[in-house]
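Every value quoted in this text rests on a predicted model; they were computed, and no experiment measured them. Read the numbers this way: they start at 1 and go in the same order the structure lists the ligands and their atoms.
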Amino acid sequence: MKRPLIISWSQDFSVGVPQLDKDHKQLLHFINTIYANSTAMNSDNIEDLLSSMIAFSVKHFHNEESYMRRIGFERLAEHKALHDEFMEKAQQFLNDFRRSGKRVIGAEVSTFLASWWKDHILYEDQQYTTAGTSVGPR
Ligand SMILES: [Fe+2]
């Protein structure tokens with residue numbers, strides 16, 4: 001039986017920048033795939049998916065930070081610190097996963113990822129959305 005999604009996209013997630021929305025949708029897709037694979041049998045998939053998600057996050061954070069720089073978003077340094085914190089935590093999960101002989105199951109990882117990204121996109125990312133509207137159409 002197919003597991004339900006742990007996180008799904010809604011218009012509330014939109015930051016009004018097509019590329020960044022596209023990135024965020026891809027990230028949610030990664031999280032749902034990790035969640036769907038979070039059984040002991042699929043632990044190899046989790047490792048691959050988690051490292052692909054980390055690589056994609058690096059690219060996405062770069063895109064988002066460039067955008068924030070372009071619109072002169074004042075809280076860039078603060079926001080970047082949240083991204084860095086996430087990268088550390090996600091990398092830690094991957095290391096634990098490898099070191100523990102995969103005892104850390106995907107469910108714990110997907111719960112963390114789903115709640116981090118949900119809060120981040122809905123609260124933190126929405127702050128540059130408002131800042132961006134003052135520079136006119138994109
Ligand atoms: Fe962000």
Side-chain angles (χ1 to χ4, degrees):
M1 200 178 85
K2 233 180 146 212
R3 294 186 78 159
L5 303 180
I6 194 171
I7 185 167
S8 43
W9 174 267
S10 76
Q11 199 50 39
D12 293 344
F13 283 85
S14 178
V15 292
V17 184
Q19 179 61 52
L20 300 178
D21 280 350
K22 200 174 155 210
D23 287 357
H24 287 149
K25 284 178 185 166
Q26 176 63 46
L27 283 156
L28 299 198
H29 180 68
F30 269 120
I31 298 165
N32 283 316
T33 314
I34 291 172
Y35 182 62
N37 281 273
S38 58
T39 63
M41 282 186 315
N42 290 324
S43 56
D44 284 341
N45 291 353
I46 303 266
E47 187 174 339
D48 290 347
L49 285 164
L50 191 55
S51 35
S52 305
M53 197 225 62
I54 290 173
F56 189 84
S57 301
V58 172
K59 268 202 289 185
H60 165 64
F61 288 153
H62 176 80
N63 290 342
E64 198 176 71
E65 288 158 16
S66 303
Y67 173 75
M68 291 190 286
R69 208 165 289 123
R70 216 158 54 230
I71 64 167
F73 181 56
E74 284 173 357
R75 296 179 52 213
L76 173 61
E78 221 174 295
H79 196 111
K80 190 179 179 306
L82 297 172
H83 289 169
D84 293 346
E85 215 175 277
F86 172 81
M87 288 311 300
E88 234 173 82
K89 181 90 188 186
Q91 193 58 52
Q92 187 66 50
F93 260 119
L94 187 58
N95 295 344
D96 288 351
F97 197 79
R98 287 173 173 154
R99 208 174 320 119
S100 69
K102 299 173 184 173
R103 277 198 311 274
V104 181
I105 55 160
E108 194 191 332
V109 180
S110 35
T111 304
F112 162 74
L113 294 175
S115 86
W116 192 90
W117 280 101
K118 187 171 182 220
D119 288 353
H120 189 78
I121 301 172
L122 289 178
Y123 302 105
E124 304 299 339
D125 287 347
Q126 290 304 321
Q127 306 199 14
Y128 66 71
T129 308
T130 337
T133 53
S134 60
V135 297
R138 288 178 284 270

Would you say Ser38 and Val109 make side-chain contact, with heavy atoms under 4.5 Å? no
What are the two closest non-hydrogen atoms of Phe13 and Ser8, and how far apart are they? CE1-O, 3.5 Å
Does any donor atom in the side chain of His83 or His62 lie under 3.5 Å from an acceptor atom in the other side chain? no
Salt-bridge contact Lys80-Asp84 (side-chain N to carboxylate O under 4.0 Å): yes
In the protein, N/O/S atoms that are found under 2.8 Å from the Fe ion (ligand 1), waters not counted: Glu64 OE1, His79 NE2, His83 NE2, His120 NE2, Asp125 OD1
Any side-chain donor-acceptor pair under 3.5 Å between Glu64 and Tyr128? yes
Among all residues two or more places apart in sequence or in another chain, which pass the ring-ring contact (aromatic ring centres under 6.0 Å, His included) test with His24? His60
